[in-house]
Structures are given as structure tokens and as C-alpha cells.
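Please read the structure below before turning to the comments.
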Number of protein chains: 2
Amino acid sequence: MSLALQDAGMTDDIGTRLKLVRQIFGLTQRELARRAGVTNGAISLIEQNRVSPSISSLKKILDGIPLSLADFFTLNFSPSDDVFFTADELPKITHQPEISWRLVGRKTKGRALGMLQEVYQPGADTGDTMLRHEGEECGIVVSGSITVTVGVQEKTLNPGDAYYFKSDIPHRFRNLGDEPCVLISANSPPTF
Amino acid sequence: MSLALQDAGMTDDIGTRLKLVRQIFGLTQRELARRAGVTNGAISLIEQNRVSPSISSLKKILDGIPLSLADFFTLNFSPSDDVFFTADELPKITHQPEISWRLVGRKTKGRALGMLQEVYQPGADTGDTMLRHEGEECGIVVSGSITVTVGVQEKTLNPGDAYYFKSDIPHRFRNLGDEPCVLISANSPPTF
DNA sequence: CCTTTGCGTTTAGAATTTTCAACAATTTAA
DNA sequence: TTAAATTGTTGAAAATTCTAAACGCAAAGG
């Protein structure tokens, strides 16, 4: 099981690749399908490699994560030491050019925690549609400042400040300052 | 015309992207179709964005170039000064992990020359199927050594050594040494 | 214990892509 | 200048993907 996951990392196998990414982001097939505007059946078939999706479908699906096509094919899950990670081993993810993430650890399956280093360039804005379906998440600002909206609350966080909320509350991150903001976040979705 | 090519660089537009890559490699729709094992009609439709290809089709097509899916989506044709290029501006191409290329200049359309920096890791082998359909090409070794086969001739080239041949003769590059080989090559296909 | 809920899977039919073969336009060669 | 060859495009049929609606299974709650 964990072997299969490791193997699948480098593969061209689109189905396994999609499944891994989906699970890393803590989404069910149905939830991703809803966000992407496709049916859950389509995602199921793709993940089983019973069909080879069209670019347009795959793009729609990845937009629901969100993840660019380039990142999807570039993402590297290749095995490494399970405990220590050098900076350049952390898989990089960029959807909008202004926002980039780095995953801390890869084998999220079977783990309780996911961790990200997130970089928001000045002007970056996640929009308010990024609701995750279950679990909780928290983070602490390392440098720069970031304006976080959670439900009806909003606050601009500076280095050392932090947040913690249930993921099913709509939330939004905006960098209204003029320098990049780096923060470390963690999430604990039971769906992992 | 040249404007369209510049614009197309950054785009998600798969059709234009494929067309650009195909032209950079000096291939016709039919020739690429033959190598890829698809029909020329399919490539035509894709390049016009009248259909959105399946991943399996796109992969087959890119294998005929050859170019990986990751590189295809990562390749950056974005505009820059037309005369000077810094190292990191040169679009990187990797098909096999052991072989990587960097294009010198992007706007090959309308130019007579294409130039590549090529890196062959120890053990790298292009195989003998890489025949380009017309034109001539030449190169000079910068570091390491490379064994080149052209038709019935074969020679191991060391730094400073060079080659020059008609592209329609079957040719093959192999790094039989134990250090990476860097070479600069140029080609002049009339098909550009 | 039973019901409910949520998960991934499956199947038939609708929608889309791909092939095959022909076409028009351009280039090459005679 | 004409004939032959080559290129990209197009239309109808074949093949594949996607949807919509079900299914089986497991976990959670009453």
C-alpha cells in the first residue's frame, strides 16, 4: 500500500497521479467533481486509468484543486528519507503566479497532518471560494503580512501572528502589503 | 505574425503550443503524425483548438517529437530581448532524464538557424531513430565526450571536436564516458 | 439493530475525439 | 507552364470519453 504510493510518484500514470494529488489536498472524488464542474464518475474512471481524460477535462479538474497542468505533470513524489527533507526536495506548487506552496512531506496518506510553506506575492488573493470540506487548519506568519478572512472575521497578520479555524468555514488570504508574505500552515483533514 | 508567436508563448492554448513546438523541431503535421502513430487530421484539429486531445493522444504525439508532458506544459516561449538571452531564459527541454536541451532563441519561424545546448549524462543514448527529414546540422563538444554515429561512420568526439552532416542520414548520440557531455549544436532545416 | 449518510464504482446513452479518405492550396521539378 | 508532390484542412464513420443515475459497501448515529 505505502509501497504502491511511493512507486506511483514518478510515474506517467495519470490516474494514480491525480488520485495522489486529490488525496494530498484532502478532497473526495465527489467534492472535487463539484468544484471542477465534472461528474464524480469521470474522476473515478480517470483514477482507475479506464479512460485517458481530455486536456480540457483534466484542466477543469485541476482548476478545482487548484493546480496548473504544468505543476501536475512536474510534481515529483519520488521517495526520499521519510524524516528529513531538504528545501529543494519539497515539491513546489504554483497555481496563480502570485501564490506558491511547498509541501512538507509527501506521504500524506496514513498521516494525520499536512504541512505547507506558502508564499503570497504582493496583490495575491485566493478569492473566497476556497472552502475545504472537513477538518481544521492553522498557520503562522514567518515574514511579510497577510490579510485573512474567516467567515465574518478578518485580520491582518504580521510575523509571529497565527490563525486556526475549521476548514468548512469559507476563508480567504490576501496580501495587501508590498512585500511577499511567507507563512507555514498545517491542516488535519480526517479524509487523509 | 511574429506577434502571434510571441503572444502564444505563455498561453494555455494547447493547439498553438503544439504547433510552436512542432515547428521548432522542424516537423510537418504528417511527419509528426507518422512518428507518433496518429493521423495528420488529428494533429490539424488539435492545433486549431477544434478538439481537446486526450492525454493519451497528446502523449503519443509528444513522444514523436520527442518531448515529455511535463516539458510541454512547462516550456516558456515568453518574449524577451530578441538579441541577448541569459542562461535561465533559455527554455529547457528534457525527454529522457539523461538528455536535456536548451533552445538558443525562440522565434525560429522565419529564421534560418536553430541552436541548442545539449547535455548528455553518462549512459545517455538517443537511439538510432532520430532522423530529421531535411536540412543539415552540426555541433561542437564543449566538455565531456560523446560517441556519434552518422550512417556507417562512428567517432567519439572530445572537447573541441565537431560534426557536420545532412539531417536525413540516420544518426545517434551516445555518452559512453563517465562524465556528462555538453555540446552546442546548430541546425538549418528549410522547413523552419 | 436498523437507518442514514457518504464513499468509490459501474453501466447505458450522450457528447466528444480520432480515423479514414478526400479536398484545396502551395511548392517542387520537369 | 504544367505535372507531381507535399502541406494543411475537412466531412462522415468509428472509437473513446463524459454524464446521469444507479449500485454496493462501509462508517456513523439514532
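In what follows, chains carry the letters A, B, and so on, assigned in the order in which the sequence lines appear, proteins first and then strands, with residues in each chain numbered from 1.
Among the protein residues, A/E47 comes within range of no part of the nucleic acid, since none of its heavy atoms lies under 4.0 Å from any strand. Within 4.0 Å (heavy atoms only), B/S52 reaches sugar-phosphate atoms of the nucleic acid but no base atom. Nucleic acid contact class of B/L45 (heavy atoms, under 4.0 Å, all strands): base.
Distance B/R34 CZ to D/dG8 P: 14 Å, rounded to the nearest Å. Rounding to whole angstrom units, CD of residue A/Q29 and P of C/dC7 are separated by 10 Å. Here C/dT17 presents its C1' atom at 14 Å from CG of B/N49, a figure rounded to the nearest Å. Rounded to whole angstrom, the span from the CD atom of B/E31 across to the P atom of D/dA5 amounts to 18 Å. Across the protein-nucleic acid pair, A/K60 atom NZ and D/dT19 atom C1' stand 10 Å apart, rounded to whole Å. Between the CD1 atom of A/I14 and the C1' atom of D/dT17 there is a distance of 15 Å, rounded to whole Å. Atoms CD1 (A/I43) and C1' (C/dT10) sit 16 Å apart, rounded to a whole Å.
A/D13 and A/R17 are not joined by a salt bridge, as no carboxylate oxygen comes within less than 4.0 angstrom of a charged side-chain nitrogen.
For D/dT9, one of the phosphate oxygens OP1 or OP2 lies less than 4.0 angstrom from a side-chain nitrogen or oxygen of B/S44. Dashed line: the shortest gap from a side-chain N or O of B/S54 to OP1 or OP2 of C/dT18 is under 4.0 Å. Between A/Q48 and C/dG8, a side-chain N or O to OP1/OP2 separation shorter than 4.0 Å is absent. OP1 or OP2 of C/dG8 sits under 4.0 Å from a side-chain N or O of A/R22. Note on A/T39: every side-chain N or O is 4.0 Å or more away from OP1 and OP2 of D/dA20. The side chain of A/R50 places an N or O atom within less than 4.0 Å of a non-bridging phosphate oxygen (OP1 or OP2) of C/dT10.
Between A/L69 atom CG and B/I14 atom CD1 the span is 6.0 Å, to the nearest 0.5 Å. Atoms OG and CD1, from B/S57 and A/I55 in turn, are 9.5 Å apart once rounded to the nearest 0.5 Å.
Side-chain atoms of A/T156 and A/T147 form a donor-acceptor pair, as typed in the model, at a separation below 3.5 Å.
Remark: the backbone N or O of A/Y120 is paired with a side-chain donor or acceptor of A/N175 at under 3.5 angstrom.
Secondary-structure annotation of DNA chain C gives the stems C:1-30 with D:1-30, with a stem taken as at least 3 successive Watson-Crick or G-U pairs whose two distances both fall under 3.5 Å.
For the pair B/K19/B/Q29, no side-chain contact is recorded, criterion being any heavy-atom separation below 4.5 Å from C-beta on.
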Please report the C-alpha distance between A/S54 and B/S54 in whole Å, then the side-chain angles of each, then the deciding distance to 0.1 Å, and finally whether the side chain to side chain donor-acceptor pair (under 3.5 Å) criterion is met. CA-CA 4 Å; A/S54 67; B/S54 68; over 6 Å; no
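A residue-by-residue look at A/V51 and B/N40 shows that B/N40 has its nearest nucleotide of DNA chain D further toward the 5' end.
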